[in-house]
Amino acid sequence: MSNNRNKFRGWQLASISALFCLPLTANAEVLPLSDQQNLGQWKLNTEVSDEFNDDTIDEERWYIVGKLQDGKPVYQHPDKPNKKVWKGRAPSQFSGQNYRLENGKLILETRWEPDFPFEKEIHKPVFGDALKYENLTTACFIGRKEFKYGYIEIKSKAADAEVSSAFWAMGEKLEIDFYEQFGDAKDPNKDHLDSELWWSIRDWSTLVKGKPTYTERKDLGFRVADDFHVYGFEWDESGVKYYVDGKLFSEVSAQEVTKFARENREVPADYDGYVAVRPISLWLDQETFPWHGVPESKADLERNSPQGKKDDGIVDYEIEYVRVWQK
């Protein structure tokens with residue numbers, strides 16, 4: 001293991017040990033891993049949090065994108081029936097059957113599924129090339145309840161494949177990417193991607209058109225697909241603090257975000273880059289990132305799968321819980 005990957009190892013081992021011992025009984029007070037004494041006076045928002053302990057998904061809480069009707073996926077948001085629903089980044093397409101609940105976890109699946117009834121139309125995305133939907137299906141869950149500010153935490157393990165495992169949020173002309181983890185890459189020049197934290201704040205106004213008003217790429221010191229880790233995002237009007245396994249990993253103020261935006265985007269001198277001031281709904285999904293590489297066969301998708309699971313054409317993004325606290 002390189003020195004680069006050792007730099008956080010000490011606190012990781014202690015934190016991982018602690019997080020697996022957290023009380024999660026029905027009567028226990030569940031608190032952010034980084035604030036077990038609750039100095040922040042957090043209260044769990046039970047409408048948007050989910051432990052994934054039930055036998056079925058609560059579809060009053062989550063919209064499962066692309067559920068099949070008569071053998072074909074349907075893309076219609078239950079709360080916004082007239083709004084266009086994104087079908088995923090080609091060549092992969094969201095399918096509403098690509099998930100399962102197992103041992104108290106939500107598992108989102110990327111499948112090698114060339115016979116899926118893919119969308120025929122080729123769309124030009126805002127970022128990247130126009131590609132056809134083919135071969136790969138992925139999963140997408142969208143939260144149906146909005147909230148503004150709080151402490152957002154997820155315990156997850158990325159898919160160990162050439163696909164992304166993402167946790168993000170959308171609001172009015174606002175996107176917050178808590179992470180977009182790329183489990184693996186065939187290109188040796190991209191070996192760093194499997195241990196990278198990439199998070200962003202994006203402005204979807206006509207002025208900036210979805211480009212980040214702030215973004216960071218930092219080495220985590222571990223492969224995101226090797227084990228479960230806890231990612232925490234403390235968000236308010238003053239800025240963001242990012243925690244990994246209960247330890248402060250990065251922080252940025254609203255003023256620093258604006259400074260970044262003014263230096264890196266073509267915006268007026270008085271532009272306020274801290275657009276993360278509106279209610280958001282949570283997203284969990286997988287995508288293909290063609291600029292990093294795309295699986296070219298079932299064997300390619302599953303080249304890192306353990307023995308005994310290399311022939312099912314499925315790789316898993318595992319989520320133990322999503323929790324949101326507010327004050």
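Treat the numbers as computed from the prediction; the structure is a model and nothing was measured. Residues take their numbers from the sequence shown, with the count starting at 1.
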Transitive ILVMFWY side-chain link V48 to L284, under 4.5 Å: yes
Without swapping roles, check the side chain of K309 against the backbone of G313 for a donor-acceptor pair under 3.5 Å. no
Walk me through whether L207 and R265 qualify under side-chain contact (heavy atoms from CB on, under 4.5 Å). CA-CA 9 Å; L207 182 64; R265 303 289 170 247; over 6 Å; no
Can you classify the ring geometry of H77 versus Y63 as parallel (below 30°), tilted (30 to 60°) or perpendicular (above 60°)? tilted
Could you tell me whether the side chain of K87 and the main chain of F94 form a donor-acceptor pair under 3.5 Å? no
Are any side-chain N or O atoms of D236 and backbone N or O atoms of S238, one a donor and one an acceptor, separated by less than 3.5 Å? yes
Do you reckon V324 sits in the same ILVMFWY cluster as W283, going by side-chain contacts under 4.5 Å, direct or chained? no
Members sharing I314's hydrophobic cluster, built from side-chain contacts under 4.5 Å between Ile, Leu, Val, Met, Phe, Trp and Tyr, are none
In sequence, state the C-alpha distance, the side-chain angles, and the governing distance for Y271 and T213, and then conclude on side-chain hydrogen bond (donor to acceptor under 3.5 Å, both in side chains). CA-CA 10 Å; Y271 174 74; T213 58; 5.2 Å; no
Please lay out, stage by stage, how E318 and K105 fare under the test salt bridge (Lys or Arg N to Asp or Glu O under 4.0 Å). CA-CA 7 Å; E318 302 180 59; K105 302 179 185 70; 5.1 Å; no
Checking the side chain of T288 only, and the main-chain atoms of R89 only, is there a donor and an acceptor separated by less than 3.5 Å? yes
Under 4.5 Å side-chain heavy-atom separation, chaining through any Ile, Leu, Val, Met, Phe, Trp or Tyr, what else clusters with W198? Say none if it is isolated. F182, L193, F289, W291
Within the side chain of N98, is there an N or O that forms a donor-acceptor pair under 3.5 Å with the backbone of T137? yes
Polar side-chain atom of D203 near backbone of V208 as donor-acceptor pair, under 3.5 Å: no
Ring-face cation of K43 near W325 (centre distance under 6.0 Å, axis angle within 45°): no
Check the angle between the aromatic planes of H229 and F222 and answer parallel, tilted or perpendicular using the 30° and 60° thresholds. parallel
Report yes or no: does Q181 contribute a side-chain atom to a donor-acceptor pair with the main-chain N or O of F167 at less than 3.5 Å? no
Could you tell me whether the side chain of E153 and the main chain of L33 form a donor-acceptor pair under 3.5 Å? yes
Are F178 and V277 joined in one hydrophobic group, where the rule is that I, L, V, M, F, W and Y side chains link up if heavy atoms are under 4.5 Å apart? yes
Any sub-3.5 Å donor-acceptor pair from E109's side-chain atoms to A139's backbone N or O? no
Could you go through the side-chain hydrogen bond (donor to acceptor under 3.5 Å, both in side chains) check for S92 and Q286 one step at a time? CA-CA 9 Å; S92 65; Q286 295 165 293; over 6 Å; no
Please answer: with hydrophobic residues joined when any side-chain heavy atoms are less than 4.5 Å apart, are L44 and L39 in the same cluster? no
Pairwise salt bridge (Lys or Arg N to Asp or Glu O under 4.0 Å) hits with a residue in residues 74-86, at least two apart: D79-R144
Keeping R262 on the side-chain end and V267 on the backbone end, is there a donor-acceptor pair under 3.5 Å? no
Which word best sums up how the rings of F233 and W199 line up, parallel for under 30°, tilted for 30 to 60°, or perpendicular for over 60°? perpendicular
Using 30° and 60° as the class boundaries, would you call the ring planes of W235 and F147 parallel, tilted or perpendicular? perpendicular
